[in-house]
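Beneath this line is the structure, given in structure tokens, with notes to follow.
In each ligand, atom 1 is the first atom listed, and ligand 1 is the first ligand listed.
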Amino acid sequence: MKKIVIKCGGSILDELSSEFFQSLTELKKLGYQIVIVHGGGPDINDMLNQLNVVPEFDNGLRKTDKKTFKVVEMVLSGKTNRKLVEKLTTNGLGAIGVNGSDANILLGNFVNREKLGFVGSVDEVNTELLYMFLEKGLVPVITPIACTTNGTKLNVNADYAAAAVAHALRVDHCLFVTDVEGIKINGKFVKSLQLEELEGYIRTGEIYGGMIPKVNSAVSAIEKGIDSVMIVSGLTSFFHHHEWHGTKIYGKERVAQ
Ligand SMILES: Nc1ncnc2c1ncn2[C@@H]1O[C@H](COP(=O)(O)OP(=O)(O)O)[C@@H](O)[C@H]1O
Ligand SMILES: CC(=O)N[C@@H](CCC(=O)OP(=O)(O)O)C(=O)O
């Protein structure tokens, strides 16, 4: 069966449209198995603000000390994951919440302990468990928290977690769902971008902020062999009548074909 990993950004979780869920239903009817990795940056920031902690980032990654990690885990697992599973269920898609840190679902390591604290990479994925849910027709909804082999839990940027899951499952498509319908270059949304163009657009500031980890994850997913990576909107439909809507990122060989 064809597989697809969909990363749902925190910026869009509260605004996912019925057209978005219809796109998922359409894909499921076509035989796609769907895995979701969710973000939740805005939910985490809200809670930190309530606790009078100022969020700090380094290149899009949250500086995560012990106290911040506890808030990240509480919010992502206790609020954001619950919210998304409920929305999928009410839209007719059977879903199951999965903590990345349980049962080696996401096995990772510190990225840079001195600089970032408890922030992790994902080095291995327990695909067996994910296949089990997929075989039951459920959509696993993964919280981006990894665990080291020593049992230390780490905060993982959800874009990076999605790329790692996509690679491990050898999926056919990897989608990054956000609050814009793709990547804008010179003020206009573009249908496709070549891998090699992206670095230049980041350098010139044409691609900035939260779009940077998405683009970096897309590059990493393509370099690891995923055929199709897209940035799409959760406000509208991204797949209808077999047509995709959004910005597709291509590797070199694909463009040459
Ligand atoms: N070239 C670009 N085209 C479109 N959006 C961009 C671009 N560069 C940066 N952005 C910003 O990236 C945002 C999406 O990233 P972010 O808010 O972090 O989303 P998410 O929560 O989905 O990860 C957009 O809302 C937009 O403000
Ligand atoms: C290390 C790191 O930065 N982790 C992210 C995890 C959530 C996330 O990635 O959420 P969005 O996709 O909504 O940005 C964070 O703490 O915000």
query: Looking at N157, which atoms of ligand 2 are within less than 4.0 Å of one of its heavy atoms?
result: 1 (C), 2 (C), 4 (N), 9 (O)
- request: Check whether any side-chain heavy atom of T80 sits under 4.5 Å from a side-chain heavy atom of L13, and report yes or no.
  value: yes
message: Looking only at protein heavy atoms, which one is nearest to atom 3 (N) of ligand 1, and what is the separation?
response: K184 N, 2.8 Å
- prompt: Does the pair E73/K153 count as a salt bridge with the N-to-O cut at 4.0 Å?
  reply: yes
- prompt: From D58 CG over to N112 CG, what is the distance, rounded to the nearest 0.5 angstrom?
  reply: 8.5 Å
message: Any heavy atom of I185 closer to ligand 1 than 4.0 angstrom?
response: no
- request: Please confirm whether I12 comes under 4.0 Å of ligand 1, counting heavy atoms of the residue only.
  value: no
message: Distance check, rounded to the nearest 0.5 Å: T143 atom OG1 versus N155 atom CG?
response: 11.0 Å
- prompt: For ligand 1, which atoms have a heavy atom of V177 less than 4.0 angstrom away?
  reply: 22 (O)
statement: Note: ligand 1 atoms sitting under 4.0 Å from heavy atoms of I207 are 1 (N), 8 (N)
field: For atom 6 (C) of ligand 2, the option (of V156, V177, D159) bearing the nearest heavy atom
entry: V156
- request: Return yes or no for this condition: an N or O of K7 is under 3.5 Å from an N or O of ligand 2.
  value: yes
query: Just which atoms of ligand 2 are under 4.0 Å from any heavy atom in I44?
result: 15 (C), 16 (O), 17 (O)
query: When hydrophobic residues are tied together by side-chain contacts of less than 4.5 Å, even through go-betweens, does V177 share a cluster with L88?
result: yes
query: Is K214 salt-bridged to D159, going by a charged N under 4.0 Å from an acidic O?
result: yes
message: I want to check something: taking the side chain as every heavy atom from C-beta on, are T152 and F69 in contact at a cut-off of under 4.5 Å?
response: no
- prompt: I183 heavy atoms, cut-off 4.0 Å: which ligand 1 atoms fall inside?
  reply: 1 (N), 3 (N)
query: Relative to atom 10 (O) of ligand 2, which among G40, C8, G10 owns the nearest non-hydrogen atom?
result: G40
message: Looking at every non-hydrogen atom in both residues, tell me the closest pair between A221 and A163 and how far apart they are.
response: CB-CB, 4.4 Å
query: Going by the order shown, which atoms of ligand 2 are within less than 4.0 Å of some heavy atom of G41?
result: 10 (O), 11 (P), 13 (O), 17 (O)
- request: Could you list the atoms of ligand 1 found under 4.0 angstrom from a heavy atom of K7?
  value: 23 (O)
message: Give me the residue, atom name and distance of the protein heavy atom closest to atom 16 (O) of ligand 2.
response: R62 NE, 2.7 Å
query: What atoms of ligand 2 come closer than 4.0 angstrom to any heavy atom of L61?
result: 3 (O)
query: What protein heavy atom sits nearest atom 16 (P) of ligand 1, and how far off is it?
result: G210 CA, 4.0 Å
- request: Flag the pair R203 and E199 as a salt bridge only when some basic side-chain nitrogen lies within less than 4.0 angstrom of an acidic carboxylate oxygen.
  value: yes
- line: Minimal heavy-atom distance between L138 and L134, with the atoms involved, is O-CD2, 3.7 Å
- line: Interatomic distance, CD@E86 vs CG@N81, rounded to 0.5 Å, equals 11.5 Å
- request: Report yes or no: is the cationic atom of K184 (NZ for Lys, CZ for Arg) closer than 6.0 Å to the six-membered ring centre of F189, at no more than 45° off its axis?
  value: yes
field: Atoms of ligand 1 close to E206 [distance to a heavy atom under 4.0 angstrom, numbered from 1]
entry: 1 (N), 2 (C), 8 (N)
query: If you measure every N/O of P42 against every N/O of ligand 2, is any gap under 3.5 Å?
result: no
message: Can you tell me if G182 contacts ligand 1 (heavy atom of the residue under 4.0 Å from the ligand)?
response: yes
statement: Judged by heavy atoms only, the candidate from K188, H38, K214, M211 nearest atom 23 (O) of ligand 1 is K214
- prompt: Going by distance only, is there an N or O of F57 that falls short of 3.5 Å from an N or O of ligand 2?
  reply: no
- prompt: To the nearest 0.1 Å, how far is atom 26 (C) of ligand 1 from its closest protein heavy atom, and which atom is that?
  reply: Y208 OH, 4.2 Å
query: Minimum heavy-atom separation for A162 to K7, with atom names?
result: CB-CB, 3.6 Å
query: Any link between V190 and I202 through a network of hydrophobic side chains (Ile, Leu, Val, Met, Phe, Trp, Tyr) touching at under 4.5 Å?
result: yes
query: Could you state the interatomic distance from CE (M230) to CH2 (W244), rounded to the nearest 0.5 Å?
result: 7.0 Å
query: Which ligand 2 atoms are under 4.0 Å away from a heavy-atom of G39?
result: 8 (C), 10 (O), 11 (P), 12 (O), 13 (O)
- prompt: Could you state the interatomic distance from CG (L27) to CD (Q33), rounded to the nearest 0.5 Å?
  reply: 12.5 Å
task: Can you sort out which atoms of ligand 2 are near A158, meaning under 4.0 Å from one of its heavy atoms?
output: 8 (C), 9 (O), 12 (O)
query: Considering only the protein, which heavy-atom contact is closest to atom 14 (C) of ligand 1, and what is its distance?
result: T178 OG1, 3.3 Å
task: Consider ligand 1: state whether an atom of it lies below 4.0 angstrom from any non-hydrogen atom of G10.
output: yes
message: Given D58, N155, V37, V119, identify the one with the heavy atom nearest to atom 4 (N) of ligand 2.
response: N155
task: Determine, considering heavy atoms only, which of D179, N186, L193 sits nearest to atom 13 (C) of ligand 1.
output: D179
